[in-house]
Amino acid sequence: MYTLLLVLIYIAFISLGLPDSLLGSGWPVMHGDLQVPVSYMGIVTMIISAGTVVSSLCSYRLTKKLGTPVVTVGSVFLTAVALLGFSFANQFWMLLVLAVPYGLGAGAIDAALNNYVALHYTSRHMSWLHCFWGVGTIVSPFVMSWSLTTASWHTGYRTIGLIQLGIAVLLLLTLGVWKVNPPKEDTSAQAKGLISALKIRGVPALLLGFLSYCAAEATTMSWASTYLVESRNIDPERAAQFASLFFIGITAGRFLGGFLMNKLGDWKMIVLGTVILACGVAALVLPVPGEVLPLAGLVIIGLGCAPIYPCIIHATPANFGPENSAAIIGIQMASAYVGSTFGPPLFGLLGNHISFGLFPLYVAAFAALMVCMTGTAFRLARGEKGSEKGSE
């Protein structure tokens with residue numbers, strides 16, 4: 001039963017990754033069919049992001065009232081309905097309406113499952129959990145590519161929507177399996193809500209660090225290809241092809257990192273990831289002719305990013321107490337979506353007005369802010385726990 005539950009959780013996280021790369025893959029054709037400018041994708045993604053922020057902040061109360069299994073099943077069903085709705089949309093306003101349940105479902109499952117795994121499993125499983133998210137993001141573009149070749153973007157959304165619906169039904173039929181892990185969430189009066197959680201020493205620094213990491217990751221996803229073309233004079237088709245190396249690096253890194261995390265611990269893995277990320281940034285900026293080094297730099301950045309997100313999440317119950325983890329992780333997910341939503345557009349403005357060559361420095365600056373703020377949060381949290389023990 002224990003192994004079966006792990007498999008179900010991994011499948012649920014694949015379902016979280018499936019929609020994330022679908023819109024970007026289909027939009028070059030979608031915007032023409034819907035007769036809207038290409039820039040309108042930003043409107044859809046902003047609504048989705050707003051939904052994820054809201055549901056992340058509400059996930060604490062939902063999980064406390066309904067439990068992680070019910071929230072997970074409900075969220076997957078919600079995203080399945082939204083994806084199937086996208087597959088029937090023939091006007092742009094329909095996408096805007098459907099983007100609301102799309103975002104609400106994604107944010108709730110993200111916060112609920114991250115908290116559940118942080119409470120019940122080791123950092124190894126947290127790393128592999130996010131590796132399976134990467135599997136979902138890799139699968140969707142291939143499905144959309146096949147659909148655009150053989151039918152239309154509607155078929156791509158319908159295919160992913162049906163897969164999502166199948167996952168939701170599977171999770172619904174196996175709700176009883178979740179009983180293998182007894183509840184660890186503290187539902188007593190000591191458990192803090194969202195406002196009280198923000199007042200815990202170290203939490204504001206943790207949120208800023210997490211936001212910074214997600215801004216760096218999302219900016220790399222969005223602008224790596226443009227940087228290669230504009231600053232390293234790499235052919236656009238080849239740059240677009242190799243931009244996917246970042247996704248491969250981050251997915252492979254989370255799989256391989258799972259074998260190290262239990263030995264090194266969360267903080268050492270965050271530091272190791274930051275050092276590797278810095279090496280990748282250095283590979284991008286070194287004035288070496290040819291395309292091998294900058295392309296290798298994208299893989300190295302992906303490998304460096306791999307352990308940071310799961311380790312920050314996994315350390316939350318240990319740093320701030322299991323009774324506070326649901327509320328804090330909910331806020332963390334909200335800060336993550338804020339960083340990933342506004343980080344890339346901010347760099348776009350800098351690139352347009354100054355130079356796209358700033359890309360490595362921009363990513364490095366957010367990475368540096370991440371490790372400083374996260375280190376501060378870890379130190380303050382441990383100091384707070386030490387003072388509490390001393391007063392007992």
Looking only at atom types and distance, does a side-chain atom of [X] sit under 3.5 Å from a main-chain N or O of [Y], one as donor and one as acceptor?
{"X": "Ser231", "Y": "Gly357", "value": "yes"}
{"X": "Ser59", "Y": "Ala108", "value": "no"}
{"X": "His125", "Y": "Val117", "value": "no"}
{"X": "Asn324", "Y": "Phe320", "value": "yes"}
{"X": "Ser140", "Y": "Leu18", "value": "yes"}
{"X": "Ser340", "Y": "Tyr337", "value": "yes"}
{"X": "Thr79", "Y": "Val76", "value": "yes"}
{"X": "Trp128", "Y": "Phe255", "value": "yes"}
{"X": "Arg124", "Y": "Gly258", "value": "yes"}
{"X": "Ser355", "Y": "Gly351", "value": "no"}

Selection residues 198-219 - residue pairs positive for ring-ring contact (aromatic ring centres under 6.0 Å, His included), sequence neighbours left out:
Phe210-Tyr309
What distance do [X] atom [atom1] and [Y] atom [atom2] have between them, rounded to the nearest 0.5 Å?
{"X": "Ser335", "Y": "Leu206", "atom1": "OG", "atom2": "CG", "answer": "7.5 Å"}
{"X": "Ile109", "Y": "Thr52", "atom1": "CD1", "atom2": "OG1", "answer": "13.5 Å"}
{"X": "Leu228", "Y": "Phe359", "atom1": "CG", "atom2": "CZ", "answer": "8.0 Å"}
{"X": "Gln164", "Y": "Phe77", "atom1": "CD", "atom2": "CZ", "answer": "10.5 Å"}
{"X": "Cys305", "Y": "Ile250", "atom1": "SG", "atom2": "CD1", "answer": "5.0 Å"}
{"X": "Leu5", "Y": "Lys179", "atom1": "CG", "atom2": "NZ", "answer": "13.0 Å"}

CA sep, side-chain torsions, deciding dist, call: Phe378, Trp267, ring pair (Phe, Tyr, Trp, His ring centres under 6.0 Å)
CA-CA 8 Å; Phe378 274 51; Trp267 174 242; 5.4 Å; yes
Nearest atoms (heavy-atom pairs only) where [X] meets [Y]:
{"X": "Ile234", "Y": "Pro294", "value": "CD1-CG, 4.2 Å"}
{"X": "Gly105", "Y": "Ser75", "value": "O-CB, 3.3 Å"}
{"X": "Ala89", "Y": "Leu34", "value": "O-CD2, 4.5 Å"}
{"X": "Cys131", "Y": "Arg254", "value": "CB-CB, 3.8 Å"}
{"X": "Val281", "Y": "Pro360", "value": "CG1-O, 3.6 Å"}
{"X": "Tyr227", "Y": "Leu284", "value": "OH-O, 3.0 Å"}

Answer yes or no: is there a side-chain heavy-atom contact under 4.5 Å between [X] and [Y]?
{"X": "Phe86", "Y": "Leu95", "value": "yes"}
{"X": "Tyr102", "Y": "Leu78", "value": "no"}
{"X": "Pro344", "Y": "Trp223", "value": "yes"}
{"X": "Thr374", "Y": "Ile308", "value": "no"}
{"X": "Phe347", "Y": "Leu358", "value": "yes"}
{"X": "Thr159", "Y": "Trp146", "value": "yes"}
{"X": "Phe366", "Y": "Glu217", "value": "no"}
{"X": "Met261", "Y": "Cys311", "value": "yes"}

Before you tell me yes or no, could you show the steps for Leu346 and Phe342 under side chain to side chain contact (heavy atoms under 4.5 Å, CB included), namely the whole-Å CA-CA distance, both residues' side-chain angles and the distance that decides it to 0.1 Å?
CA-CA 6 Å; Leu346 176 59; Phe342 293 103; 6.0 Å; no
Between [X] and [Y], does any side-chain donor sit less than 3.5 Å from a side-chain acceptor?
{"X": "His314", "Y": "Tyr121", "value": "no"}
{"X": "Thr341", "Y": "Ser49", "value": "yes"}
{"X": "Gln332", "Y": "Thr316", "value": "yes"}
{"X": "Asn115", "Y": "Tyr60", "value": "no"}

Step through the shown structure and confirm whether more than 12 heavy atoms of other residues, nucleotides or ligands are within 6.0 Å of CZ on Phe259.
yes
Would you indicate whether Tyr40, at its atom OH, is surrounded by more than 12 heavy atoms from other residues, nucleotides or ligands within a distance under 6.0 Å?
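No - once you tally the heavy atoms of other residues, nucleotides and ligands closer than 6.0 Å, there are 12 at most.
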Cation-pi check, Arg158 to Phe88: give yes when NZ or CZ is under 6.0 Å from the six-membered ring centre and within 45° of the ring axis, no otherwise.
yes
Using ring centroids (six-membered ring only for Trp), state whether Trp133 and Phe13 fall under 6.0 Å.
no
Between Tyr116 and Trp178, is the ring centre distance below 6.0 Å?
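Close enough - the centres of the two rings lie under 6.0 Å apart.
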Determine, using the 4.5 Å side-chain heavy-atom cutoff (strictly less than), whether Val135 and Leu170 are members of one ILVMFWY cluster.
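Per the 4.5 Å side-chain linkage, Val135 and Leu170 are co-clustered.
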